[in-house]
Amino acid sequence: MSRVYNFSAGPAVLPEEVLKEVAEEMMDYQGSGMSVMEMSHRSADFQKIIDEAEQDLRDLMKIPDNYKVLFLQGGASQQFAAIPMNLMKNKVADYIVTGQWAKKAYQEAQKYGKANKIASSEDKTFSYIPDCSDLPISPDADYVYICENNTIYGTKFKKLPNTKGKTLVADVSSCFLSEPVDVSKYGIIYGGVQKNIGPAGMVISIIREDLITDDVLEGTPTMLKFKTQADAGSLYNTPNCYCIYVCGKVFKWLKKMGGLEEMQRRNIEKAKILYDFLDQSKLFKGTVVPEDRSLMNVPFVTGDKDMDAKFVKEAKEAGLVNLKGHRTVGGMRASIYNAMPKEGVEALVAFMKKFEEENA
Ligand SMILES: Cc1ncc(COP(=O)(O)O)c(C=O)c1O
């Protein structure tokens, strides 16, 4: 078996320990005589899996009792519609557009009501987070929306926006469980799991209970109504059972590693290795203003498309894969999620140094 260092933005690297455990349980999950893939979602075995996954996530994030945890399908993109459908009572919402994903959410919301773009960083290719201390929040806004970590551009809100009392909704797909978080500051905090948590095919939405009601926009599909899913404990229909199982394993791994404080310490340490190198490199350059840099997604360029392509190709040959930047921005991007070991980042930096010397 030979494993690479996988810098993919998602689906992404998972902890090897978890992969080994699920492989061991593949044919016979804990004496059940079957794989979790073959198990009824109504069985006692599966109920225990989903209950434990929820409890472990609650422990990790210290989720208050007045929040529901929903394991849903349709990915983060489905929430772009579900959120306005469930929350737009006044049919008004304010969006802070800091990248493609926030923009997509903003565009989707326009189908359901008046979505206002109250701030944006598009003027500088989303390379920074705008000042959100005193934005023109709409008096009748049902919520204020952010994408907290911008996967494509590598920026992160280090401080949450001042929503002037309005409900904050945040897409945390690419920074989920990367550091401690105060859930009580959000109305909804949600993310696709395929970056920092598990396999693709699921979104976890953590929603304050007062936002889960029957008062949704007319025509909201049953499946997209938060109340349907909350009342059924995420088991209204057949959920992504196997994904829930793997995510549950990752939650246990995170607890064993020391929880979110320890993940934050490790993530700061790992990101520093890469950013410190970029800051002194003569060939490579980070693309984000230092104060808004993400710990999870690190975009960088040489300034020469051919050189970028040569780097990505040679890195791949050296076992450092998926370093090509997003198709809309080019260059390179290293995603260094929780499961990327420090050794992977060190190997990347060592390779970049060598490449720089060879291509001086
Ligand atoms: C921040 C963010 N939001 C949303 C998405 C879309 O997620 P999904 O593919 O689960 O719909 C992605 C990435 O794929 C993302 O990085």
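One-based numbering, in listed order, for ligands and for the atoms of each. Source: prediction; values computed, not measured.
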Problem set entry | Set of residues satisfying side chain to side chain donor-acceptor pair (under 3.5 Å) with respect to Asp51, sequence neighbours excluded |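 Listed in chain order: Gln47.
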Exercise. Side chain to side chain donor-acceptor pair (under 3.5 Å) with Thr213: which residues, sequence neighbours excluded?
Worked result: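 In terms of side chain to side chain donor-acceptor pair (under 3.5 Å), with neighbours along the sequence ignored, Thr213 is linked to Lys89.
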Exercise. So which heavy atom in the protein is nearest atom 1 (C) of ligand 1, and how far is it from that ligand atom?
Worked result: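 The closest one turns out to be Thr151 OG1, 3.3 Å.
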Problem set entry | For Gly75, the ligand 1 atoms whose distance to one of its heavy atoms is below 4.0 Å |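 Here the atoms of ligand 1 in question are 10 (O), 11 (O).
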May I ask whether [X] places a heavy atom under 4.0 Å from ligand 1?
{"X": "Gly10", "value": "no"}
{"X": "Gln194", "value": "yes"}
{"X": "Gln78", "value": "no"}

Under 4.0 Å, heavy atoms only, figure out whether ligand 1 is touched by the backbone of [X], its side chain, both or neither.
{"X": "Cys147", "answer": "side chain"}
{"X": "Ser173", "answer": "side chain"}
{"X": "Lys195", "answer": "side chain"}

Problem set entry | Non-hydrogen side-chain atoms of Leu260 and Leu177 separated by less than 4.5 Å |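 A side-chain contact exists here, since the closest heavy-atom pair is under 4.5 Å.
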For this session: Would you mind reporting whether Ile63 and Leu57 have side-chain heavy atoms less than 4.5 Å apart?
Result: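 Result yes, sub-4.5 Å side-chain heavy-atom pair found.
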For this session: Would you indicate which of Tyr190, Phe176, Trp101 comes nearest to atom 6 (C) of ligand 1 when only heavy atoms are counted?
Result: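 Comparing heavy atoms across Tyr190, Phe176, Trp101, the nearest one to atom 6 (C) of ligand 1 lies in Trp101.
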For this session: Can you figure out which of Gly192, Ala76, Gly74 has its heavy atom closest to atom 10 (O) of ligand 1?
Result: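 That would be Ala76.
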Problem set entry | Asp182 vs Ser184, side chain to side chain donor-acceptor pair (under 3.5 Å): CA-CA, chis, key distance, verdict | CA-CA 5 Å; Asp182 182 353; Ser184 71; 2.6 Å; yes
Problem set entry | Member of Phe251, Phe46, Tyr29 meeting the ring pair (Phe, Tyr, Trp, His ring centres under 6.0 Å) criterion with Tyr245 |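 Single pass found, and it is Tyr29.
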Exercise. Cation over ring, Lys124 on Tyr128, under 6.0 Å and within 45°?
Worked result: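 Ring-cation test returns yes.
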For this session: Indicate yes or no: does an N/O atom of Asp171 lie under 3.5 Å from an N/O atom of ligand 1?
Result: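 Between Asp171 and ligand 1, an N or O pair is found under 3.5 Å apart.
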Exercise. Counting both backbone and side chain atoms, is some N or O of Ser77 under 3.5 Å from an N or O of ligand 1?
Worked result: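 Looking only at distances, the answer is yes, because the N/O contact criterion of under 3.5 Å is met.
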Exercise. Between Glu25 and Gln30, is any side-chain donor less than 3.5 angstrom from a side-chain acceptor?
Worked result: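 Checked: Glu25/Gln30 side chains pair up, N/O donor to acceptor below 3.5 Å.
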